[in-house]
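Quick notes on the structure that follows.
Fair warning: this is a prediction, and the values are worked out from it, not measured in the lab.
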Amino acid sequence: MMSPNREYSRLSLARQIDTFWMEADHFERDVHILILSTLDAAKSRLDEELTEDSAKISKLLDKATGDYAEHLSDQLAEINLYFADQERFLLNMAVVALASRLTHSLRQMSRSAETFSPREKRQYAGGDKSEFERLWIEFKERFGFEVRDEVEHVSFIEPLREVRNQIVHEGGLANPYKQFKDVGLSIGDSVDSGAFNFDDLLDKGFSIKYPQFVRGEGSSAEVAISQEQLTAMTVSAVALVKWCAKRIRSCELAAAKADDEANPGRIVF
């Protein structure tokens, strides 16, 4: 029977399972199956419904005349707008899901690293920094690499985060109305439309900074992510997670090797 007092090499044990690469694999799988495939299925269903509804109206329109024909034409335009808006919503929600899943994956790798690099439970929580900024600080302090210097890996993060926030916190409005106090008005004040510019009531910070993610103008402007933009974000997110997984994994192996060297006599296998 093997002695229970035998101490095995930490490096040998660490080499058995790469939990960080496993997390990167899980992230890539979830991106493609839970986010992109679900989006494709939903868009396909919308396309089917639009085709069915358009065909019904078009069949009636072929025989209609006068006011009824005009009514049907308006109805056809309305359902096209409706389904276009539904597709916009689906793409926007996919971005929200991507940002949430990315944050979860990076945090999961951080938690897995506590076996060789402990952290205080609330050390990197709170403050006025974004969740990604806090993670980059944590990775720098615990693992010694600066994610923010890797422009090719993180340049997509801030647009992704701000788009996510605009969708979640502003209901997808690109130019939400400012608060009354921010434009010098109080509830009940009357506005002379001839002397007041209504655009002054709109917060255009997002649409000015990210016009590529905006459809429409003025108060009707909406956050609208294209399929191409979503694809680019997912490719960048997968690359970032894999890069972080490799860097943290190298820290784990280095820590295990250093611990073995400090404790000679362990069994290597």
Side-chain angles (χ1 to χ4, degrees), residues 31 35-36 39 43 77-78 80-103 106 126-137 146-241:
V31 164
I35 298 177
L36 297 182
L39 171 65
K43 287 174 64 178
E78 286 177 4
N80 275 280
L81 288 173
Y82 171 77
F83 281 105
D85 193 58
Q86 290 293 294
E87 183 172 329
R88 179 187 67 86
F89 174 80
L90 290 173
L91 284 161
N92 285 359
M93 289 300 101
V95 169
V96 173
L98 175 64
S100 297
R101 186 61 182 83
L102 175 59
T103 305
L106 294 170
D128 58 355
K129 292 181 172 59
S130 73
E131 69 272 39
F132 291 107
E133 289 174 318
R134 294 196 297 272
L135 280 165
W136 306 156
I137 292 171
E146 181 60 86
V147 182
R148 290 168 292 192
D149 288 345
E150 304 296 321
V151 178
E152 72 274 19
H153 287 305
V154 297
S155 59
F156 79 102
I157 285 290
E158 194 60 15
L160 170 65
R161 187 186 69 81
E162 294 206 43
V163 165
R164 184 274 312 273
N165 288 349
Q166 200 73 14
I167 294 169
V168 173
H169 301 305
E170 300 295 347
L173 295 176
N175 297 323
Y177 283 102
K178 299 176 183 176
Q179 295 184 13
F180 282 112
K181 63 183 180 61
D182 294 331
V183 290
L185 293 175
S186 300
I187 296 176
D189 287 350
S190 61
V191 176
D192 182 359
S193 60
F196 187 82
N197 184 358
F198 278 93
D199 276 355
D200 291 340
L201 293 173
L202 303 177
D203 181 355
K204 295 186 175 182
F206 178 84
S207 62
I208 291 173
K209 189 174 183 180
Y210 298 111
Q212 70 271 32
F213 301 130
V214 176
R215 182 177 69 192
E217 298 179 353
S219 61
S220 62
E222 300 170 314
V223 179
I225 305 300
S226 69
Q227 182 68 56
E228 293 74 20
Q229 289 166 338
L230 174 62
T231 299
M233 288 177 177
T234 57
V235 169
S236 295
V238 169
L240 172 64
V241 171

Self-check item: Steps toward side-chain contact (heavy atoms from CB on, under 4.5 Å) verdict (Tyr177, Asp203)
Solution: CA-CA 6 Å; Tyr177 283 102; Asp203 181 355; over 6 Å; no
[atom1] of [X] to [atom2] of [Y]: how many Å apart, nearest 0.5 Å?
{"X": "Thr103", "Y": "Glu131", "atom1": "OG1", "atom2": "CD", "answer": "4.5 Å"}
{"X": "Phe213", "Y": "Gln166", "atom1": "CZ", "atom2": "CD", "answer": "12.0 Å"}
{"X": "Phe132", "Y": "Leu160", "atom1": "CZ", "atom2": "CG", "answer": "5.5 Å"}

Give me the atom names and distance for the closest heavy-atom approach of [X] to [Y].
{"X": "Leu98", "Y": "Ala237", "answer": "CD1-CB, 4.1 Å"}
{"X": "Lys204", "Y": "Asn175", "answer": "CA-OD1, 3.4 Å"}
{"X": "Asn92", "Y": "Ala224", "answer": "OD1-CA, 4.0 Å"}
{"X": "Phe206", "Y": "Glu162", "answer": "CE1-O, 3.8 Å"}
{"X": "Leu39", "Y": "Gln227", "answer": "CD2-OE1, 3.8 Å"}
{"X": "Ala94", "Y": "Leu230", "answer": "CB-CD2, 3.7 Å"}

Quiz prompt | Pairs satisfying ring-ring contact (aromatic ring centres under 6.0 Å, His included), at least one member in residues 216-238, at least two apart | solution =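 As it turns out, there is no ring-ring contact (aromatic ring centres under 6.0 Å, His included) pair with a partner in residues 216-238 once direct neighbours are skipped.
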Practice problem: Mind checking side-chain hydrogen bond (donor to acceptor under 3.5 Å, both in side chains) for Asp85 and listing every partner two or more places apart, or none if nothing turns up? | Solution: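 Asp85: side-chain hydrogen bond (donor to acceptor under 3.5 Å, both in side chains) contacts with Arg88.
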Quiz prompt | Glu217, CD atom: more than 12 neighbouring heavy atoms under 6.0 Å | solution =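 For Glu217, atom CD is not crowded (no more than 12 foreign heavy atoms under 6.0 Å).
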Side chain to side chain, [X] and [Y], heavy atoms closer than 4.5 Å:
{"X": "Trp136", "Y": "Leu106", "answer": "yes"}
{"X": "Ile137", "Y": "Arg148", "answer": "yes"}
{"X": "Pro159", "Y": "Lys209", "answer": "no"}
{"X": "Ser219", "Y": "Leu202", "answer": "yes"}
{"X": "Met93", "Y": "Ile167", "answer": "yes"}

Practice problem: Mark yes or no for whether Glu170, through its side chain, and Val223, through its backbone, hold a donor-acceptor pair below 3.5 Å. | Solution: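 It does not hold such a pair.
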Exercise. Verify, without hydrogens or angle tests, whether Glu222 (side chain) and Val214 (backbone) share a donor-acceptor contact under 3.5 angstrom.
Key: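 Checking the backbone N and O of Val214 against the side chain of Glu222, no donor-acceptor pair under 3.5 Å is found.
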Quiz prompt | Derivation of the side-chain contact (heavy atoms from CB on, under 4.5 Å) call for Val147 and Leu135 | solution = CA-CA 9 Å; Val147 182; Leu135 280 165; over 6 Å; no
Quiz item: Knowing that exactly one of Leu102, Ile35, Leu36 qualifies, which makes a side-chain contact (heavy atoms from CB on, under 4.5 Å) with Thr234?
Solution: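 Output: one option passes, namely Leu36.
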